[in-house]
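All of these numbers come straight from a predicted model, not from anything done at the bench.
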Amino acid sequence: MRALAQKTRAVRRSATRRLSKANLAPLEATSAVKDGDSRASSAPDDYVTQLQSSPWFRAPLQGRVSPFRQASPMLGGECHFVTQLPKVADAFELDKAFVRSFETLPAPFGFNGLGEFVFLRTYSRTKPDGSKERWHETVERVVNGTFRIAQRWLQGKRARGEAVADWDEQKLQQLGQNLFERVFHMKMLPPGRGLWAMGTVLTEERDLFAALNNCAFVSTKDLAAERTKPFCFLMDCSMLGIGVGFDTRGAGALTVRKPRASDKVFLIPDSREGWVESVKLLLDAYFTGDELPSFDYSVIRAAGEPIRGFGGVSQGPGILKKLHEDLISVVSRDVGRPISVRTIVDIMNMIGVCVVAGNVRRTAEIAFGDPNSEEYVALKDYDENPDRVAHGWTSNNSVFAKIGMDYKTNRVTERVAKNGEPGFAWLENMKMYSRTCEHPTYEDILAEGGNPCLEQTLESYEMCNLVETFPCRHDSIDDFHETLRVAMLYGKLVSIGGSHWEETNNVMWRNRRIGISVSGIAQFVAREGIEELRNWLDSGYAEVKERDAGELQDALGVVPSVKRTSIKPSGTVSLLAGATPGLHHPESEFYIRRVRLAKDSDLIPCLRESGLRLEDAVSDSNSVVVEFPVHAGDGVRTVRQVSMWEQLSLAAFLQRWWADNQVSCTVSFDPENEGAQLPHALDYFQYQLKGISFLPLLDQGAYPQMPYEGITREEYLARCQELRPLRLSYGGPAKDDFEEMPDKYCETDTCKVDP
């Protein structure tokens with residue numbers, strides 16, 4: 001493995017020299033590029049030929065060629081994921097005495113009880129005795145689940161005679177305790193998906209490791225051959241809580257046909273697979289002209305019944321019936337014609353509505369389209385398309401921008417100035433670059449899109465997992481580096497969990513893509529300054545890369561990840577730690593954070609006793625709103641103090657020094673004073689970014705009970721004087737005896753999730 005890595009590095013050094021000779025300009029260049037001139041069309045032909053003839057070169061499966069992904073040492077053994085190996089009889093468990101030593105330690109939740117409230121409502125699972133997990137118990141479950149993956153992988157590989165690390169029980173305990181301590185103290189946190197699912201029946205009994213992944217992407221470009229597969233993939237992932245991106249390249253690829261009448265009946269199983277299969281049968285009938293069966297919904301559980309394992313309650317079969325009716329209405333309008341851009345997006349969006357409305361799982365979507373397509377660009381113009389109001393909200397819409405395109409006269413920029421959409425993704429940059437301080441590597445030459453918040457570059461059918469770190473929780477750069485090494489191990493172990501989709505596994509086993517993110521950036525800059533941030537990130541990236549290509553490659557017997565770092569927008573996970581989300585600045589240094597919950601929630605008495613203010617929700621008679629006073633940190637600059645240009649510069653800074661995947665950034669701008677500057681900003685920053693989105697700033701108090709409301713220091717201190725220690729109840733079963741489901745994949749304002 002080490003020899004392979006050395007050869008790979010030599011080839012990549014050769015790549016840099018050859019690409020330089022080919023005059024491929026670095027990303028930060030500001031020289032004009034003519035419209036339509038693609039800098040990412042290909043690497044030099046002789047270079048690709050040399051790589052393909054190398055003994056360690058392996059073309060990806062399904063005939064697609066990437067000159068930079070080397071052969072896997074597992075290729076001959078055909079063992080790529082832990083689900084291919086037998087389970088371990090004596091499963092890993094952290095030392096009980098070690099875990100007990102944390103029982104009486106106060107959990108370091110942030111923001112005056114808001115972090116603990118979010119944890120209890122969202123991530124604490126119900127235990128067999130009916131009580132809820134406390135923080136140390138959740139961390140224990142997550143660590144046990146993580147190292148059971150490692151234990152099963154290593155024992156199974158050794159039994160097959162393959163070279164992996166000889167990590168014994170003592171070594172696993174050492175590694176597990178290190179992960180426990182860093183998660184407990186919130187120096188790093190798994191994603192919400194990991195806090196919720198890791199170590200539960202989903203991974204321990206069902207081997208449903210796909211649920212640990214945050215994001216995925218699927219292209220429709222092969223729609224003529226794959227037909228319903230991209231739509232089924234999105235629905236299946238969505239029902240697992242995975243955010244999915246998709247494109248519209250399949251428009252025109254097949255002709256929609258009128259299905260033949262049938263007396264067949266499909267009894268829909270009461271399962272995720274059953275719901276997806278029903279959609280497959282319906283769409284297949286219209287895509288091929290085959291028989292359309294009738295659907296029998298009789299075995300689907302009634303409304304109000306609990307959904308075990310994943311959480312939530314069933315809404316009954318009605319929402320699936322509506323999805324079928326909506327899909328028939330949408331595809332029928334294209335009968336006899338090639339499938340349209342709008343129909344592709346409508347199908348995906350309607351599936352999203354069903355998933356959210358069904359309380360089966362919350363999810364997020366992003367659509368990618370051509371900036372020159374009037375049909376696509378107008379999708380969120382509800383004056384022009386009023387019938388899309390009911391489902392168009394389920395996806396963020398972005399365009400695949402071209403380097404050098406005219407942003408001044410393009411209709412896209414006009415729409416952004418009005419409502420913030422669509423966003424921009426530069427696929428050329430995503431394919432060419434890792435960090436933008438480095439020369440083009442073409443590591444992601446097969447990339448075709450990204451995830452809903454656009455922090456991950458992805459191939460079609462690829463999934464990936466994220467990990468979050470918090471520099472402000474560290475006293476030294478050395479401690480931060482150690483956290484990054486632990487985060488890399490967590491992400492790598494999740495990547496060997498695999499998926500139940502063959503197409504996904506074909507990508508994941510050679511890419512092993514993860515995204516180690518950084519949150520609380522605004523707080524760190526206020527405390528330490530921008531140069532210290534650059535130092536921590538640049539040196540930290542080197543640590544991550546060395547850990548991956550060195551110890552982890554040798555220990556686990558898997559190839560280094562194609563990319564490893566990103567900046568995610570964060571959301572509820574950063575609230576646990578009292579950190580500002582990702583790179584974003586807070587609404588105010590002092591503000592009120594409002595959260596909605598049901599009037600009959602068991603948490604309300606505890607919240608009242610703590611002195612927090614509660615009031616009836618103005619938009620929902622069955623809900624109340626609780627107000628948490630928050631101090632974002634001394635000297636932290638607010639979103640209204642940072643110009644659009646500075647926000648773009650910070651995103652470019654992080655793309656340069658940290659993220660080899662991407663930086664998720666939603667730039668808040670003043671429509672009146674900065675809206676006209678959007679084309680000029682995009683002209684400059686198209687060379688330095690892989691993706692960006694915009695959001696017009698709303699006036700404070702634009703509508704009642706906004707999630708964030710800035711307040712003065714004096715008002716903050718006055719509210720804090722009202723507070724008493726928050727003692728949330730962890731005992732006893734919930735009223736309805738079912739698990740609360742975790743929040744949506746992407747819970748930021750950009751993804752429009754109600755608090």
Practice problem: Taking the six-membered ring for Trp and the full ring for Phe, Tyr or His, determine whether the centres of F217 and F246 are under 6.0 Å apart. | Solution: no

Practice problem: Indicate whether the side chain of D236 and that of H500 have a donor and an acceptor atom separated by less than 3.5 Å. | Solution: yes

Self-check item: Sequence-distant partners of R547, salt bridge (charged side-chain N to carboxylate O under 4.0 Å, His left out), two or more places apart
Solution: E551

Self-check item: Residue pair D207 / T83, side-chain donor-acceptor N/O under 3.5 Å
Solution: no

Quiz item: Does a side chain donor of either D660 or T565 reach within less than 3.5 Å of an acceptor in the other side chain?
Solution: yes

Quiz item: Hey, are S566 and Q662 close enough side-chain-wise for a donor-acceptor pair under 3.5 Å?
Solution: no

Quiz item: Is R512 positioned over the aromatic face of F81, cation under 6.0 angstrom from the ring centre and no more than 45 degrees off axis?
Solution: yes

Quiz item: How about M488 and I516: do any of their side-chain heavy atoms sit closer than 4.5 Å?
Solution: yes

Practice problem: Just say parallel, tilted or perpendicular for the rings of F180 and F98, cut-offs at 30° and 60°. | Solution: perpendicular

Exercise. Could you check whether the rings of F92 and F147 sit parallel, tilted or perpendicular, using 30° and 60° as the cut-offs?
Key: tilted

Quiz item: Got a sec, which residues hit salt bridge (charged side-chain N to carboxylate O under 4.0 Å, His left out) with E546, two or more places apart in sequence or on another chain?
Solution: none

Quiz item: Any donor-acceptor pair under 3.5 Å linking the side chain of N451 with the backbone of L454?
Solution: yes

Self-check item: Partner residues of R435 under the salt bridge (charged side-chain N to carboxylate O under 4.0 Å, His left out) criterion, sequence neighbours left out
Solution: E438, D538

Self-check item: Side-chain donor-acceptor contact under 3.5 Å, E468 with S570
Solution: yes

Self-check item: side-chain contact (heavy atoms from CB on, under 4.5 Å) between N465 and S495, worked out
Solution: CA-CA 7 Å; N465 73 90; S495 80; 4.3 Å; yes

